[in-house]
Peer 1: 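Sending over a structure as structure tokens; questions will come in a sec.
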Amino acid sequence: MYGYKISQELEQYGFQGIPKGTIYPLLLNMEKKGLITGKMRPSSDGPKRKYYRISEKGLGEKKIFVSEWQSLANNVDQLIKKDK
């Protein structure tokens, strides 16, 4: 996907408050770290767009993040249930 399309997708998942100007610096940072790759492609709607794809390194980092997130979510759930 290209940057603007990514911001539209995020809105569908409840992230309406993210300013459009923050998406591109994040994508650039992730690209510099090798988590995603970017490639310029022609667009039928105007100038070329940079399309991004997750890299192998990015997939590995995603797997680690999801595991850590699930652990955190489990701990929070246990804490909430304890207080009931």
Side-chain angles (χ1 to χ4, degrees):
M1 276 189 245
Y2 56 95
Y4 182 70
K5 181 68 173 167
I6 291 171
S7 69
Q8 289 177 321
E9 288 287 318
L10 288 171
E11 286 179 6
Q12 292 182 13
Y13 289 94
F15 295 95
Q16 292 87 0
I18 298 175
K20 303 291 186 253
T22 62
I23 297 292
Y24 295 100
L26 289 172
L27 290 170
L28 180 61
N29 187 289
M30 291 172 70
E31 190 174 18
K32 284 180 180 179
K33 291 179 179 179
L35 302 174
I36 59 174
T37 58
K39 184 176 182 180
M40 295 299 288
R41 293 188 189 163
S43 169
S44 59
D45 298 332
K48 289 183 177 182
R49 293 179 176 157
K50 192 169 191 178
Y51 285 78
Y52 297 93
R53 174 175 293 234
I54 192 165
S55 66
E56 288 295 320
K57 182 179 179 182
L59 288 171
E61 290 295 319
K62 177 185 172 190
K63 186 176 181 180
I64 291 167
F65 174 82
V66 169
S67 175
E68 290 174 354
W69 182 264
Q70 289 171 337
S71 177
L72 175 63
N74 270 341
N75 292 340
V76 171
D77 284 343
Q78 289 176 15
L79 182 63
I80 291 170
K81 288 175 185 174
K82 182 180 178 184
D83 287 341
K84 285 186 175 184

Peer 1: Are Phe65 and Leu35 grouped together when hydrophobic residues (ILVMFWY) are joined by side-chain heavy atoms under 4.5 angstrom apart?
Peer 2: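 No; tracing contacts between hydrophobic side chains, which count when under 4.5 Å, never links both residues.
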
Peer 1: Is the count of non-hydrogen atoms from other residues, nucleotides or ligands lying under 6.0 Å from Lys50 atom NZ greater than 12?
Peer 2: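 Yes, NZ of Lys50 has more than 12 neighbouring heavy atoms, counting only those of other groups under 6.0 Å.
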
Peer 1: When hydrophobic residues are tied together by side-chain contacts of less than 4.5 Å, even through go-betweens, does Tyr2 share a cluster with Leu28?
Peer 2: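 Result: no, two separate clusters.
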
Peer 1: With no hydrogens and no angle check, is any side-chain donor or acceptor of Ser43 less than 3.5 Å from a backbone partner on Lys48?
Peer 2: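 Flag not set: sc Ser43 to bb Lys48 has no pair under 3.5 Å.
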
Peer 1: Could you tell me whether a side-chain N or O of Tyr24 sits under 3.5 Å from a main-chain N or O of Tyr4, the two making a donor and an acceptor?
Peer 2: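 Checking the backbone N and O of Tyr4 against the side chain of Tyr24, a donor-acceptor pair under 3.5 Å is found.
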
Peer 1: Are any of the side-chain heavy atoms of Asn75 and Leu79 separated by less than 4.5 Å?
Peer 2: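 They are not in contact (no side-chain heavy atoms under 4.5 Å apart), so the answer is no.
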
Peer 1: Return yes when atom CD of Glu56 has more than 12 non-hydrogen atoms of other residues, nucleotides or ligands closer than 6.0 Å, and no otherwise.
Peer 2: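 Counting other residues, nucleotides and ligands, CD of Glu56 stays at 12 neighbours or fewer.
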
Peer 1: Indicate yes or no for a side-chain donor-acceptor contact from Glu31 to the backbone of Gly38 under 3.5 Å, with no hydrogens or angles considered.
Peer 2: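 Yes: the side chain of Glu31 pairs with the backbone of Gly38.
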
Peer 1: What is the minimum heavy-atom distance between Ser55 and Thr37, and which atoms define it?
Peer 2: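 Smallest heavy-atom distance, with atoms named: CB-CG2, 4.4 Å.
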
Peer 1: Would you say the side-chain atoms of Gln16 pair up with the backbone N or O of Glu11, donor to acceptor, closer than 3.5 Å?
Peer 2: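 Checking the backbone N and O of Glu11 against the side chain of Gln16, a donor-acceptor pair under 3.5 Å is found.
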
Peer 1: Following the transitive rule for hydrophobic clusters with a side-chain heavy-atom cut-off under 4.5 Å over Ile, Leu, Val, Met, Phe, Trp and Tyr, establish whether Ile54 and Ile6 coincide in one cluster.
Peer 2: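 No, it is not one cluster - the side chains of Ile54 and Ile6 are not joined through contacts under 4.5 Å.
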
Peer 1: Please check this pair: side chain of Ser67 against backbone of Ile64, looking for a donor-acceptor N/O pair closer than 3.5 Å.
Peer 2: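 Between the backbone of Ile64 and the side chain of Ser67 there is no qualifying donor-acceptor contact (under 3.5 Å).
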
Peer 1: For the hydrophobic clusters of this structure (ILVMFWY residues joined by side-chain heavy atoms under 4.5 Å, transitively), does one cluster hold both Leu27 and Met1?
Peer 2: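 Same cluster: Leu27 reaches Met1 through Ile, Leu, Val, Met, Phe, Trp or Tyr contacts under 4.5 Å.
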
Peer 1: Quick one: pull up CD1 in Ile80 and NZ in Lys82 and give me the separation to the nearest 0.5 Å.
Peer 2: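 The distance works out to 13.0 Å.
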
Peer 1: For Tyr51, is there any backbone N or O sitting under 3.5 Å from a side-chain donor or acceptor partner on Lys5?
Peer 2: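 Between the backbone of Tyr51 and the side chain of Lys5 there is no qualifying donor-acceptor contact (under 3.5 Å).
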
Peer 1: Is there a path of hydrophobic side-chain contacts, each under 4.5 Å between heavy atoms of I, L, V, M, F, W or Y residues, that connects Phe15 with Met30?
Peer 2: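 In one cluster with Phe15: Met30, yes.
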
